[in-house]
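Below is one structure, written out as structure tokens; comments come after it.
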Amino acid sequence: MAAVRALRSCNRSLGRWVGLRQLGSCSRIQILRSSVPQKTPCGRLQKLPHRSLRTASVLNGQIVQFKLSDIGEGITEVTVKDWYVKEGDSVSQFDSICEVQSDKASVTITSRYDGVVKKLHYNVDDTAYVGRPLVDIETDALKDVAPEEDVVETPAVSHDEHTHQEIKGHKTLATPAVRRLAMENNIKLSEVVGSGKDGRILKEDILGFLAKQTGAILPPSPQMEITPPPPTFETSTQQQKAKAASIPVPLIKPVVFTGKDVTEPVKGFHKAMVKTMSAALKIPHFGYCDEVDMTNLSQLRKDLKPLAESRGVRLSFMPFFLKAASLGLMQFPILNSSVDENCQNITYKAAHNIGIAMDTQQGLVVPNVKNVQVRSILEIAAELNRLQSLGSTGQLGAGDLTGGTFTLSNIGSIGGTYAKPVILPPEVAIGAIGKVQVLPRFDSKGQVVKAQIINVSWSADHRIIDGATMSRFSNLWKSYLENPSLMLLELK
């Protein structure tokens with residue numbers, strides 16, 4: 001009996017050895033077939049363990065499910081707006097996979113792997129959920145990739161947004177361009193201290209780290225690049241008059257009667273509006289209205305507009321509105337604050353990130369100009385041009401749409417004089433500016449003159465802002481616009 005037991009033990013050991021040899025040497029098809037019971041040289045059927053088969057499948061670079069990782073801002077679902085690849089396409093790391101839209105911004109998903117796209121899990125306009133597969137990619141380069149980090153996100157047409165990289169258990173925020181720069185200079189991102197939001201590593205951080213290592217002196221990066229527009233031919237006086245006299249014809253889409261009601265889910269920016277406006281209902285609004293004589297500012301803008309255009313910047317009234325508001329916020333910082341949910345603490349914001357309500361094809365969006373308090377009129381105008389360009393194409397990034405501290409809505413660009421603007425939590429004040437009207441007014445000598453008038457409507461959180469504060473702020477803002485030279489005394 002002892003001899004029989006020894007022989008059986010030998011057979012089992014030999015069977016395991018043969019199974020492992022087959023697992024290490026067979027091709028992908030042979031490995032799949034080897035999961036079926038195999039007959040060993042000793043005549044016994046040997047079934048390969050399922051755990052060993054999965055390990056071999058990953059190590060040999062089979063199909064991996066490319067999951068949608070956490071984009072941040074509490075977002076759990078997005079809408080797939082466009083696919084940049086199709087099944088069978090080859091992709092490399094950092095290649096764009098698709099564009100998705102959350103209720104806050106448009107985001108471009110980029111590949112973490114080199115391989116071939118095998119399956120798209122969603123169609124255009126489908127809702128994709130964080131943590132679920134987005135695409136299947138067949139790749140041979142899985143050994144050096146952390147299995148939990150399947151996707152890199154970057155906001156569309158934005159160079160300041162973050163991507164996620166897992167380094168020794170610490171999530172490092174950096175763009176693909178920054179990661180590539182660090183790789184080219186043999187710099188570990190874990191050794192670099194990021195100066196961006198949430199510790200994000202910027203290009204300047206890499207260059208500064210490199211300068212410390214080499215002792216090099218790096219030139220300062222320009223604050224803003226303004227390119228002059230291409231030369232244009234001068235338009236004749238008659239053409240200018242004809243253009244001014246022409247009446248714009250509104251674009252009217254043909255009415256198509258289908259005879260059926262259509263129901264669609266609330267998503268994208270509309271979903272964000274529902275959430276924000278529902279929260280705004282909890283705020284007791286205080287309203288204040290006034291009118292502003294824009295005659296002097298209109299003449300100043302007319303004088304500066306050709307100079308701005310020569311530098312490639314479109315100069316509207318909005319940069320002056322924002323700068324005047326920022327100067328007013330310096331004197332009344334409570335209007336640039338936020339209050340907690342229980343209204344127990346007030347946070348005074350250091351930066352004047354002034355939002356601009358913008359009407360787009362995707363709905364109402366409110367991007368903001370960062371740090372208005374340290375920008376010139378021309379810099380503010382250039383940033384507004386950039387935001388308007390991205391907004392018109394639906395490519396505003398999360399960084400453009402978050403972090404606002406105060407808001408102005410130029411409803412007058414569409415029409416109307418007065419409005420009742422709704423505060424955007426956690427902000428505490430908002431202003432709505434009406435259209436410019438030419439109206440008769442009395443000058444200092446009592447003479448009737450032609451004046452360019454706008455109306456402004458303010459709303460403030462009456463829990464922490466009283467009517468006198470809002471009135472004084474409005475008067476100061478108004479004085480800067482009616483006498484633009486006064487702004488020169490406050491500019492730094």
Side-chain angles (χ1 to χ4, degrees), residues 73-74 103-105 197 269-290 318-319 321-360 363-375 380 383-384 387 391 396-411 419-433 456-474 476-477:
E73 301 288 340
D103 57 359
K104 298 182 183 294
K197 182 180 178 181
F269 293 136
H270 288 163
K271 192 171 185 178
M273 190 190 308
V274 170
K275 182 179 179 181
T276 303
M277 293 298 100
S278 298
L281 289 175
K282 303 177 182 178
I283 301 174
H285 282 56
F286 164 75
Y288 181 84
C289 301
D290 202 356
M318 206 63 186
F321 296 157
L322 266 63
K323 192 62 181 180
S326 178
L327 294 175
L329 294 176
M330 291 287 190
Q331 303 298 321
F332 301 94
I334 195 170
L335 295 175
N336 194 58
S337 65
S338 63
V339 62
D340 60 14
E341 186 175 356
N342 296 324
C343 205
Q344 298 297 316
N345 299 285
I346 300 174
T347 302
Y348 293 87
K349 304 293 186 178
H352 295 173
N353 300 338
I354 302 181
I356 313 99
M358 188 179 298
D359 180 46
T360 68
L364 175 67
V365 295
V366 189
N368 59 82
V369 178
K370 301 290 193 296
N371 299 311
V372 176
Q373 77 279 6
V374 296
R375 291 178 182 261
I380 296 172
E383 178 65 3
L384 284 173
L387 294 175
L396 288 166
D400 300 321
L401 296 168
T402 56
T405 61
F406 186 86
T407 299
L408 288 177
S409 173
N410 188 16
I411 191 65
K420 187 180 178 181
V422 181
I423 299 171
L424 302 177
E427 299 174 17
V428 296
I430 184 175
I433 303 167
V456 60
S457 306
W458 303 101
S459 290
D461 189 338
H462 214 351
R463 295 174 298 179
I464 61 172
I465 299 174
D466 54 41
T469 300
M470 190 75 254
S471 177
R472 292 189 181 101
F473 168 81
S474 180
L476 183 58
W477 182 78

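FYI, side chains are in, hydrogens and waters are out, and symmetry mates aren't considered; it's all heavy atoms of this structure.
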* Asked: side chain to side chain contact (heavy atoms under 4.5 Å, CB included) with V369: which of D400, L322, I354?
  -> L322
* To do: Take the angle between the ring planes of F286 and H462 and call it parallel below 30°, perpendicular above 60°, tilted in between.
  => tilted
* Would a 4.5 Å heavy-atom cut-off, applied to side chains only, mark L329 and Q331 as touching? -> no
* Asked: Would you find a donor on one side and an acceptor on the other, under 3.5 Å apart, between the side chain of S278 and the backbone of V274?
  -> yes
* To do: List for me each residue that meets salt bridge (charged side-chain N to carboxylate O under 4.0 Å, His left out) alongside R463, sequence neighbours excluded, and say none if there are none.
  => D461
* **Under 3.5 Å donor-acceptor, R375 side chain and K323 backbone** => no
* Asked: Taking side chain as C-beta onward, heavy atoms only, is H352 less than 4.5 Å from M330?
  -> yes
* Asked: Would you say the side-chain atoms of K420 pair up with the backbone N or O of S459, donor to acceptor, closer than 3.5 Å?
  -> no
* **Distance (rounded to the nearest 0.5 Å) between S337 OG and N345 CG** => 11.5 Å
* Just jot down the side-chain contact (heavy atoms from CB on, under 4.5 Å) partners of T405, sequence neighbours excluded, or say none. => N336, K349, N353
* Test item: S471 side-chain N/O and G467 main-chain N/O as donor-acceptor pair under 3.5 Å -> no
* May I ask you to test the F406-V372 pair for a side-chain heavy-atom distance under 4.5 Å? => no
* Heavy-atom distance under 4.5 Å between the side chains of L396 and L387, does that happen here? -> yes
* To do: Using the six-membered ring wherever Trp is involved, compare the ring planes of F321 and W477 and label them parallel, tilted or perpendicular (cut-offs 30° and 60°).
  => tilted
